[in-house]
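In what follows, a single structure is set out as structure tokens and then discussed.
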Amino acid sequence: MSDLITAELVDLDLSAETKEAAARALAERMVAQGRVTDLEGFLADVAAREAQMPTGLDGGIGIPHCRSEHVTEPTLAFGRSATGIDFGAADGPADLVFLIAAPAGADDAHLTILSSLARQLMNTAFTDALRSAGDAAAAATLVRGEDAGGSEDTVAAPTAASAGAATGSTAPEPDRPFRVVAVTSCPTGIAHTYMAAESLENAGREAGVEVVVETQGSAGFTRLDPAVIAAADGVIFAHDVPVREKDRFAGKPTVDTGVKAAISRPADLIAEVRGKAERGETTAAAEPGTPVERTGDGGEGYATKLRKWLMSGVSYMVPFVAAGGLLIALGFAIGGYEINEAPSVMDHFVWTQAASWGALLFQIGGVAFGFLVPVLAGYIAYGMADRPGLVPGFVGGAISLTINAGFLGGLAAGLIAGGVVIAIQKARIPAALRGIMPVVVIPLISAAVVGFLMFVVIGKPIAEAQKGMTDWLNGLTGSNAVLLGALLGLMMCFDLGGPVNKVAYTFATAGIAVANPGDSAMKIMAAVMAAGMVPPLAMALATTVRGKLFNRTERENGKAAWVLGTSFISEGAIPFAAADPLRVIPASMAGGAVTGALSMAFGATLRAPHGGIFVVPLIGNPFLYLVAVAAGVCVTAALVIVLKGLRKPAPGAAGADPGAGTGPAARAGEPVAV
């Protein structure tokens, strides 16, 4: 097993000025040592991780990191910058940069070593020693923990001591210190997870508070002893991915926040949970949040929370839409459009008849479509109130179908169900009843309340609104239809898979999520999918036609964008938009609007909610549909090329890689010319 870091992986005079350039310089050292097999592929993985959340930390530290299939063994490269590099930390640029590379299937032992480094970064003696290291070998020795001032034993000892103190007794003692249990986790599970743990433990020692942390990282996690949890006075969740087995901590004062908050302000979190305990707030199981998609600090605004709740429902609904829609579309393709009138295949199925196979696919797809509204409502409620929200959410969604309230009814049912469960959870419940609350009391009361509201109070008005919207869509013709297509095209290309994109896509899929959708609904679906294909295809075309305007990484991304675009994966254009948003996003929106408008004008229809170019045989007016897509792609590619061509070359770009002044490495921190 090779050393995690050697002198050859250390650059004490890192000259890079941007985080992308710093990552490339350190990654090139990994390539030279045979630790990374594909430089560009690895850097793309690093950039993808960086896009999730900045990796800069207070104290002048940057820790870009990722797990990648291009890494042969866990590796760490270290660079020291004299001028500082912006990694997004609140207190300014980083002068200590650690690039952490873990294989996609890294073993637990190596990941434990990486977690030890993350903890050491919270030790000022360790970082000071790195800043004063005189040569690369000495710096590598420090990082490996072979120097007593920064060894992992020294760092780990207080953690063990804290755990021992917390597990020594569970009986309440009048003069015992305040006890906190915490869970930390981040998307990669390599660095922030363990740095947050170390930060909380250090802050706890300074405040005289016993803190025991469960790190849910890439190396797995060891569950806290139930006795430790039972003896705790408060709970801190510092996470950017869902906390596993969260119910273990129910009934205790809780602070729920993002992992970076635990690194930057641990003392505030400890003070906050202590204050909740003193006020008797036991809301661990009742705090609203999004179990699937919740990220960031707990002080989010209502609009942000609402968006996350709705996206939680949509994210679970989309697979049903894709499976059901494609099955129905294939049924039509095999058996003809009259297949929707075929008898049940349970009573009549002939193995040798295409019509029977078409009817089978159509009927399976119809069953899958029947889950759309209940799944949407159920997982909106789940996003608000966790598992207790599932029963009233699904019940409310099913009632929405029964009363013909459709998609709008599902949205209302999910939000009501989540709100009802949260209200029930906030009520003071005797300790004897807490055990049956999630199994009996909450499902019973919440389902009854949601059912009453949907059947008696709001169901009929929502059903009328749904019918009115359907009639309006079916009545769209001429210029109105073209304008709607242009608007949907703009929305699909505005954030490339983000909330606005999802609103347009969900609007379209809701229209076809019925047994016999109207012609207008299928036209809307066609326009939405066509516009969503435009950005990645246009970026692929632009990098092919004028490759010198793009750097090497962007040209490689352009090759992949051909496949992503034809598959209707708008996210294929995100690397380009992230690097140059003021040029790529407006150009993409212009092309998307052209495609959406032309698709509606040509009368193209689509029953399948996904598939891109691979479902063209199922599209009405397929030739004109492809013309609409091609027109939008050409418009976007031309605009991007023109806008990039107007930009002045970066100073000192002579002799660099062609197009090197146009990539994210060259642009970060520089004003964008428009």
Side-chain angles (χ1 to χ4, degrees), residues 53-63 87-92 94 118-124 127 155 158-159 162-163 165-166 176-187 191-217 224 228-229 232-243 246 249 252-290 294-302 304-305 308:
M53 183 175 65
T55 54
L57 302 174
D58 291 348
I61 299 171
I63 51 165
F87 276 88
D91 68 341
R119 288 176 175 272
Q120 288 185 68
L121 293 177
M122 296 293 99
N123 186 339
T124 54
T127 54
V155 174
T159 304
S162 295
R176 70 166 174 80
F178 189 79
R179 293 173 177 170
V180 174
V181 291
V183 176
T184 60
S185 62
C186 66
H192 287 84
T193 297
Y194 303 99
M195 299 177 77
E198 183 71 11
S199 184
L200 286 170
E201 289 163 355
N202 290 341
R205 283 191 290 273
E206 293 176 1
V209 174
E210 292 181 358
V211 179
V212 185
V213 184
E214 177 179 291
T215 52
Q216 297 185 356
L224 289 173
V228 176
I229 298 175
D233 301 302
V235 180
I236 296 174
F237 293 133
H239 63 113
D240 288 329
V241 293
V243 173
K246 190 174 183 179
F249 306 91
K252 292 185 178 293
T254 301
V255 170
D256 196 332
T257 186
V259 68
K260 291 196 74 173
I263 298 173
S264 60
R265 51 185 185 89
D268 293 344
L269 302 184
I270 292 173
E272 184 178 349
V273 75
R274 193 167 194 166
K276 286 189 174 185
E278 292 172 353
R279 294 190 297 271
E281 298 180 18
T282 57
T283 56
E287 288 188 357
T290 306
R294 176 178 173 82
T295 58
D297 290 349
E300 295 171 333
Y302 180 77
T304 300
K305 292 180 179 179
K308 289 185 176 182

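All values below were derived from every heavy atom in this structure, side-chain atoms included, with hydrogens, water molecules and symmetry-related copies excluded.
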Checklist entry - Heavy-atom distance under 4.5 Å between the side chains of Ile236 and Ile270, does that happen here? => result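 In contact.
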
Checklist entry - With a 4.5 Å limit on heavy-atom distance, are the side chains of Val255 and Val235 in contact? => result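 Contact flag for Val255/Val235 side chains = no.
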
Item to check | Separation of Thr254 OG1 from Lys276 NZ (nearest 0.5 Å) | outcome: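 One finds 7.0 Å between NZ of Lys276 and OG1 of Thr254.
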
Item to check | Non-neighbouring partners of Ser199 that pass side chain to side chain donor-acceptor pair (under 3.5 Å), sequence neighbours left out | outcome: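 Checked Ser199 against side chain to side chain donor-acceptor pair (under 3.5 Å); zero matches.
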
Item to check | Evaluation steps, side-chain contact (heavy atoms from CB on, under 4.5 Å), between Arg265 and Thr257 | outcome: CA-CA 11 Å; Arg265 51 185 185 89; Thr257 186; 4.1 Å; yes

Might you point out which heavy atoms bring [X] and [Y] nearest each other, and give the distance in Å?
| X | Y | value |
| --- | --- | --- |
| Glu201 | Val211 | CG-O, 4.0 Å |
| Ile61 | Thr127 | CD1-CG2, 4.0 Å |
| Val213 | Ala197 | CG1-CB, 3.6 Å |
| Ala207 | Arg274 | O-NH1, 4.2 Å |
| Lys252 | Ala232 | NZ-O, 2.9 Å |

Item to check | With Ala262 via side-chain contact (heavy atoms from CB on, under 4.5 Å) - residues at least two apart | outcome: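 Counting only residues at least two positions away or on another chain, Ala262 forms a side-chain contact (heavy atoms from CB on, under 4.5 Å) with Ala196, Leu200, Ala238, Leu269.
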
Next on the checklist: Please evaluate residues Phe249 and Leu224 with respect to the criterion side-chain contact (heavy atoms from CB on, under 4.5 Å), reporting the C-alpha separation (whole Å), side-chain torsions for both, the decisive distance (0.1 Å), and the verdict.
Outcome noted: CA-CA 10 Å; Phe249 306 91; Leu224 289 173; 4.2 Å; yes

Next on the checklist: Main chain of Phe178, side chain of Asp233: is a donor-acceptor contact present, judged purely on distance under 3.5 Å?
Outcome noted: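 No.
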
Next on the checklist: salt bridge (Lys or Arg N to Asp or Glu O under 4.0 Å), that's the test. Do Lys246 and Asp256 meet it? Break it down for me.
Outcome noted: CA-CA 11 Å; Lys246 190 174 183 179; Asp256 196 332; 3.4 Å; yes

